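Below: the structure, in C-alpha cells.
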Amino acid sequence: MSHPYGSFSAQRMHSRRRHGDRGESSQSGESHFGNHGRGRGQGGHPPWLKGKQIGLYYRDKAREMKQKSTKVIKLSEHVQVQIERVLYNSKGYYEKLYNNAYAEDTLHGTLENKYMHIHDSQFKRKFMNMVSGNLHENLDRALLVKSRLERDSDLDKMLFNEFKTATQEYQSMEKIRLKLPAHHKKVDILRLLKTNQVIVISGETGCGKTTQVPQFILDDAIEHRDGSVTRIICTQPRRISAISVAERVAAERAERLGKSVGFHIRLEKVLPRDRGSILFCTTGMLLQFLQGDPALKEFSHIILDEIHERTTESDFILALLKLIISKRSDLKVLLMSATVNPESFSEYYNNCPMIHIPGFTYPVTEYYLEDVLFLTEFKFPPATALPQDHRKHIKKYKQEQQKRDEFQDMIEVIDQLRNPHSEKLSLDLIEQLIRKRDPGAILVFLPGMMDIIKLNKIMLENGHYPQNQYVIYPLHSRMPTIDQKLIFKEPSEGVRKIIIATSIAETSITIEDVVYVIDCGKTKYGKFDLQKNIQTLEPEWVSLANARQRKGRAGRVKPGVCYHLYSKAREKTFECFPLPEMLRTRLEEVILQIKILQLGKAKTFLESVMSPPNMKAIDLSLDLLRTLNALDDEEHLTPLGYHLAQLPLDPRTGKMIIWAALFSCVEPVFAIAASLNFKDAFYCPLGKEEEARKKKLELNMNQFSDHIALSEALTRFEAAYKRSYASSFCRDYFLSFNTLKLLSEMKTQFAQHLYQMKFMNSENPSDVNANKNSKNTVLIKAIVCAGLYPNVAVIRKVTRNGTFAWTPEDGCVAIHPSSVNDRVKEYTSPYITYFTKQLSTAIYLHDTTCVTAPILLFAAPNMSIRKEKGNYFISLPSSQNFACDWQSAQLIQKLQEQFNNLLEYKITHPGTVCWNGFEGDLLKALTLFVNHSAIINLVCQKDEEMGFSESNIQKCEDNMCD
DNA sequence: GAGCACTGC
C-alpha cells in the first residue's frame, strides 16, 4: 500500500540536498578564512580579493552569520509520525460527512446553495432563517403571534381593586412622592401620552422622573382598568441603577420586589408579574429581548432613561424603535433625558412633544480659575517657553499698570492666566485650595489614577492633613475603597472628608454630603483614532454637560460651592456634550447586533442613527469581522458569525470560548474571556503597588502571561469561595471580590450559551468532559492567541524605562508596566499576543502572553511557504516569518488545513468532539504540536525594515517620559 | 513606571 503522502519522501530528499549544499559552502567559507573579525585591522577580507569582490565577500559573510544565528523549525521525529498518521486518516473524512455535496455547490449564488453542504438540522433552519430574513418581514410575522398582553377583564378588575385598597404604608410613602417636582407634571405627562406615541421628558436629577413616570403610567392604566394590557419597561445605563431604582419604586408602592415592580440585569433578576407591572433593566438587556421579541409585543410602554448619555446601546435602540413604532401604533415610547439638549431627541423623533420637569437642588456658587488664583494667591511655575515679544508685552503692560495698586491683585491673576502652565493640571494649586476651605466634605475631580496617587501623596507628606482632622478617600474603579461604607457617611465631629475621584463620582457613585467640588476640568476619554487606526486614552477638557454634572454634586443636601480650575475664557471653548460613544469606539459588536436583528447592511442602518459613525470606522470593523470569518464578502453572517453574534462577548473572545469547548479546556479560557470582556479583578492598591505586583507575578506561575494570571486568580478564588475564605484570599492577592464573583457567574453563563449551541454537553463550566485539557497551560495560551490573532508583537528591547516591542501596524510599542511581561530578564520567546493596545503616554500593550512559534502557527488561520535562495520560510498573515525545514513546513500546513476543515464542520454542525475518533486524534496532534519545544528564532529582518531603529525606540521612550 | 466610565437572554 502506498503512503498517501509518499511524495513527501522525495521532497525530503530534495530539501536535504539543498541544505547540504549550503552547509558545504559555509564550511568551506569557515576553513578558508578562519575566525577573522570584520574589521580590516584584524585581517578582514582575503588579500587577493579586489574591488567589487571585497564587497561581495562581506555580503556573503554577513549572510552566513545570519544563517547561523537563525534556528530552523524542524519537527521532532515523534511529532512528525503523529501528524503523518492523522493526515493519513483524514483522507476523505469530511468529504464523506458532507456527502460530496459541498465542493460544487459553494460556487453558486443563492444562500441555499451556498450552505447546501450543511445537513438539515435545527442549526441549519435557524441559521438560514437568520441569513435570509429581514426586519420588516419579522415584524409582520411577530405581530401575528399572540402576545401575553391580551385583555383580561377579570385581571383588570382585580388589579383595580387591589390598587384602591391602599395600605397605610403606601399612603405614608405617597406623602413623600407628592412633594417631588415630577408630581406636578403628572397630569400633563399622561395627557401628552394619550395623544402621542412618543414623548420626550427632560429633568435634572432629583426631580423624580425615573421613579415617578413609570408609576404614573401604571397607576393610570390600572385605574382605567387597563392593567392587563400594561407592561412597562424602563431602561437604565447602569446595573446598579436598575436595581436601586426598582427597589426604591417597590418601596414606594409598599411592596416587595417581584410583584408590580422588578428588575432584570445580566446574571441577576427579580421579575415582576407578567401584566400590570414595571420592569427596570439595563439597556443591553432590552437589546437582548429584541432578539427574541422583535416587535416588543411583551411590552406596552418603553421608557428609555438617561438617553442624554448617548451610549452606543441607547443610540442603537433609538434608531431601532423608530422602525418598530411604525408597525406598532399601540406601543408608547418615552424618552427621558437630563436638561441638556432634549430638543435633539425630539427632532430625531419627528419633532415629538417635549415636557420639562424642573429639578430641585440647592444653589451652588461657581468660581473659575481667575477667582481661585485670586483667592489662593497661587503662582504657577515660571513660563520658560513664552515667546520673547509676548513677555515684553506683559512687562510693558505691567509697567503701565504698576501705579494702580487697587488692581494689582487682579493684574497678577491675569498675568498668571497668561502663563501656559495655567492650562495644565496643578495638583499644588488643588492642594492649596483644599487647605483653605471652611468645614464640609470636598470632592475633587481628577483625570486619572496617576493624578489621584500623586495628590494623595502630596497631602499625606506635607503635614497639613493630620489623620485626626482629615480623612482622605481615593476613588477610582481600579482602587479598593478601604472602607466602602464610611465614604458615604458623615465623618465624626471635627474630621474633614476629602474624596479624590475620577469621573466615577459624576454619575456612578453619589456622596450626598459633599459641599465643595473642585473640578480640574479634565477627564480621560477613550477614543478611536481613525487616521492612526488605534484606540486612544488621553486627558481632554470636559464638556459643559460634564462640568454641570460635577457642579451639581455639591448641592445635594445644602447650598454648595464649585471651583472650576479653568478660566471662564477656556470654558467658552468647551463642547456642549461629550462625543457620543458610537463615534468613539470600534463597531464590531454593533455590526453583529445589526446582523442578528436582521437590519440589513451595516452602513445603511448606521446612517439612520442620531450621530452616524464615519464610513471608514465601519469599514475597519467590517474588515475585522471578515478576517475573523464572522461575515462573508456580501456582509452576510457566516455560521461562525451567527454563533458569535449570540454570545455576550466581543467576537475575538467569543471565538476563544468556542475553541475552548472543542479542545475541552473551558474553565481557564472562560475565565480569561470573561476578564478581558468585563474587567480584570486586579486592584491597584495605593501605596502597596509593589506588593500587588508580586502577587500578580505569583499567579502568573512563571508562564509569562497576564492571561494565565487572570485564569489562576479566578481558579483560586473559586476554590477559596467553596471553603469560605474568599474574602481573605482577595485581600491577600489585591483582587476585587465583587469582580471575581461576577466573572465566576459569567463562566456559567458562557457554559449555558455553549450548551444551547450544542458545543457543550453540560451547562456546568466545571464539567469534566469539557475540561479534559484544562491543565494544559500551553494549549490554553494557544487558544488565547488564536482568539486574539493577529494581535501579535515581537519583543525587541528591554530597557530601564520599559519593554519595547514591534508590531507591523505601529512599529515601536511598549508593554504596559502593569503586565507581568514588563521588564522580564529573559523571555522564553520573543512573540507576545495581546488583547488591548492603547495610545496614552505611549502605545501600550496592556495584557500580554508570551507565545512560542508553534503556538503562532496554530493560531494563524493560514500560512504560506516560500523558498528564497535555497531556504524555506513560513510566512504568517501577522507578518512573522520562520525559517523552516521543508518537510516540517509541509506537514504543519497540511495539519492546519485539516484543522480548518474540522472547524468548518463543527461550526456548521455544532457538537462536542468525539475524542476516540479522527477528530480527537486531530486535536491531540495539534495539542502535541503546540507543546513542541521547537527552538526557533525570528528570521532577522533588518531593524530599518521593521521601522525599529535605535532612534525609534528612543522616540518611544521620550514620549513615555513626558 | 501606569488603565476615564459603563454594558450583554
Side-chain angles (χ1 to χ4, degrees), chain A residues 235-242 264-269 271 281-293 306 309-314 316 445-454 475-479 501-509 522-527 535-540 542 546 549 578 581 584-585 589-590 592-593 596 645-650 653-654 674 677-680 682-684 689-690 692-693 742 746 749-750 752-753 756 799-803 814-819 822-823 835-842 844-847 957 960-962:
Chain A
T235 67
Q236 294 294 316
R238 281 164 288 281
R239 293 164 59 87
I240 301 252
S241 39
H264 193 164
I265 60 176
R266 182 184 187 182
L267 304 170
E268 209 180 329
K269 63 181 171 188
L271 296 183
C281 67
T282 41
T283 321
M285 207 45 91
L286 176 58
L287 263 173
Q288 297 299 325
F289 297 155
L290 275 158
Q291 280 184 36
D293 179 15
E306 317 280 11
E309 290 189 15
R310 301 298 307 275
T311 63
T312 300
E313 287 167 331
S314 74
F316 187 92
F445 283 102
L446 292 177
M449 178 145 49
M450 272 338 217
D451 312 300
I452 294 177
I453 293 173
K454 280 183 199 154
L475 198 57
H476 187 288
S477 66
R478 307 301 312 256
M479 283 177 188
T502 60
S503 51
I504 196 167
E506 246 173 63
T507 49
S508 306
I509 294 175
K522 293 220 170 138
T523 189
K524 289 190 181 184
Y525 276 117
K527 283 192 183 170
Q535 246 178 273
T536 62
L537 181 68
E538 285 169 306
E540 283 179 34
V542 295
N546 294 110
Q549 181 70 22
E581 193 194 4
R584 297 190 282 123
T585 47
E589 293 176 66
V590 179
L592 284 181
Q593 284 281 355
I596 202 89
Q646 294 178 80
L647 291 170
L649 284 168
D650 130 293
T653 36
N677 255 277
F678 179 50
K679 61 179 160 191
D680 79 56
F682 290 100
Y683 272 137
C684 305
E689 291 89 347
E690 263 317 297
R693 186 178 166 75
L742 271 173
M746 283 179 197
Q749 197 189 25
F750 298 160
Q752 286 164 348
H753 272 106
Q756 274 160 24
T799 74
R800 238 172 355 115
N801 283 333
T803 303
I815 292 181
H816 195 271
S818 66
S819 168
D822 182 43
R823 270 158 297 178
F835 181 67
T836 311
K837 179 179 72 188
Q838 190 172 256
L839 171 70
S840 53
T841 51
Y844 283 111
L845 309 181
H846 283 261
D847 50 281
E957 287 186 34
M960 284 176 63
C961 296
D962 254 9

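In what follows, every chain begins at residue 1, and chains take the letters A, B, ... in the order their sequences are listed. No experiment lies behind these values; they were computed from the predicted model shown.
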B/dC6 phosphate, OP1 or OP2, under 4.0 Å from A/Thr311 side-chain N/O = no
Distance below 4.0 Å between A/Arg800 side-chain N/O and B/dG1 OP1 or OP2 = no
Calculate the interatomic distance between A/Glu313 atom CD and B/dG8 atom P; express it in whole Å.
-> 7 Å
Dump the intermediate steps for side-chain contact (heavy atoms from CB on, under 4.5 Å) on A/Arg266 and A/Thr282, then the final yes or no.
-> CA-CA 8 Å; A/Arg266 182 184 187 182; A/Thr282 41; 5.8 Å; no
Would you kindly give the CD-to-P distance between A/Glu306 and B/dC6, to the nearest whole Å?
-> 14 Å
According to a strict under-4.0 Å criterion, is A/His753 in side-chain N/O contact with OP1 or OP2 of B/dC9?
-> no
Carefully, step by step, assess A/Glu309 and A/Thr507 under the rule side-chain contact (heavy atoms from CB on, under 4.5 Å).
-> CA-CA 10 Å; A/Glu309 290 189 15; A/Thr507 49; 4.2 Å; yes
Looking at OG of A/Ser818 and CD of A/Glu689, how far apart are the two atoms once the value is rounded to the nearest 0.5 Å?
-> 12.0 Å
Heavy atoms, side chains only, cut-off 4.5 Å: are A/Ile453 and A/Met479 in contact?
-> yes
Quick one: on DNA chain B, does A/Gln291 or A/Ile509 contact a more 5' nucleotide (nearest heavy atom)?
-> A/Ile509
To the nearest angstrom, how far is A/Arg693 atom CZ from B/dG1 atom C1'?
-> 9 Å
Side chain of A/Tyr844 (C-beta onward), nearest among B/dG3, B/dC4, B/dT7 | B/dG3
Contact check, side chains of A/Arg238 and A/Ser508, non-hydrogen atoms, under 4.5 Å = yes
With a 4.0 Å cut-off on heavy atoms, is A/Leu287 in touch with a base, just the backbone sugar-phosphate, or nothing at all?
-> nothing
How would you label the contact of A/Met285 with the nucleic acid (heavy atoms, under 4.0 Å): base, sugar-phosphate, or nothing?
-> sugar-phosphate
Please determine, for the side chain of A/Ser508, which listed nucleotide (B/dG8, B/dG3, B/dC6) has the closest atom?
-> B/dC6
Please state how far atom CG in A/Leu267 lies from atom P in B/dG8, giving the value in whole angstrom units.
-> 8 Å
Is a donor-acceptor pair below 3.5 Å formed from side chain A/Gln749 to base B/dG8, judging by atom type as modelled?
-> no
Counting side-chain heavy atoms from CB outward, which of B/dC9, B/dA5, B/dG3 is closest to A/Leu537?
-> B/dG3
Considering only side-chain heavy atoms of A/Asn677, which listed nucleotide, B/dC6, B/dG8, B/dA5, is closest?
-> B/dG8
Across the strands shown, which category fits A/Arg238 at heavy-atom distances under 4.0 angstrom: base, sugar-phosphate, nothing?
-> sugar-phosphate
Taking B/dG1, B/dA2, B/dC9 as options, the one with an atom nearest any side-chain atom of A/Gln288 is B/dC9
Between A/Asp847 and A/Lys679, which has a closest nucleotide on DNA chain B that is more 5'?
-> A/Asp847
Quickly work out the A/Leu742 CG to B/dT7 P distance and round it to whole Å.
-> 9 Å
Can you tell me if the side-chain N/O atoms of A/Thr312 get under 4.0 Å from OP1 or OP2 in B/dT7?
-> no
Could you check how far CZ of A/Arg584 sits from C1' of B/dC4, rounded to whole Å?
-> 9 Å
Over 60° means perpendicular and under 30° means parallel, so classify the ring planes of A/His816 and A/His846, tilted if in between.
-> parallel
Give a yes/no on whether any side-chain N or O of A/Ser840 is located under 4.0 angstrom from OP1 or OP2 of B/dG3.
-> yes
Check whether any side-chain N or O of A/Lys524 sits under 4.0 Å from OP1 or OP2 of B/dA5, and answer yes or no.
-> no
A/Lys522 NZ to B/dA5 C1', in whole Å, measures 19 Å
OP1 or OP2 of B/dA5 sitting under 4.0 Å from any side-chain N/O of A/Ser477?
-> yes
Between CE of A/Met450 and P of B/dA2 the distance, given in whole Å, is 6 Å
A/Thr311 and A/Glu581: side-chain hydrogen bond (donor to acceptor under 3.5 Å, both in side chains), yes or no, with the steps?
-> CA-CA 5 Å; A/Thr311 63; A/Glu581 193 194 4; 4.8 Å; no
So what does A/Asp451 touch, heavy atoms closer than 4.0 Å: a base, only the sugar-phosphate, or nothing?
-> nothing
A/Thr841 side chain N/O closer than 4.0 Å to the phosphate oxygens (OP1, OP2) of B/dG3?
-> yes
Identify whether any heavy atom of A/Thr523 sits under 4.0 Å from a base atom; if not, whether one sits that close to sugar-phosphate; answer base, sugar-phosphate or nothing.
-> nothing
Indicate, with a heavy-atom threshold strictly under 4.0 Å, whether A/Glu538 touches base, sugar-phosphate, or nothing.
-> nothing
Could you please name the option among B/dA5, B/dG1, B/dC9 that lies closest to any side-chain atom of A/His264?
-> B/dC9
Give one of base, sugar-phosphate or nothing for A/Leu649, where a contact means two heavy atoms less than 4.0 Å apart.
-> base
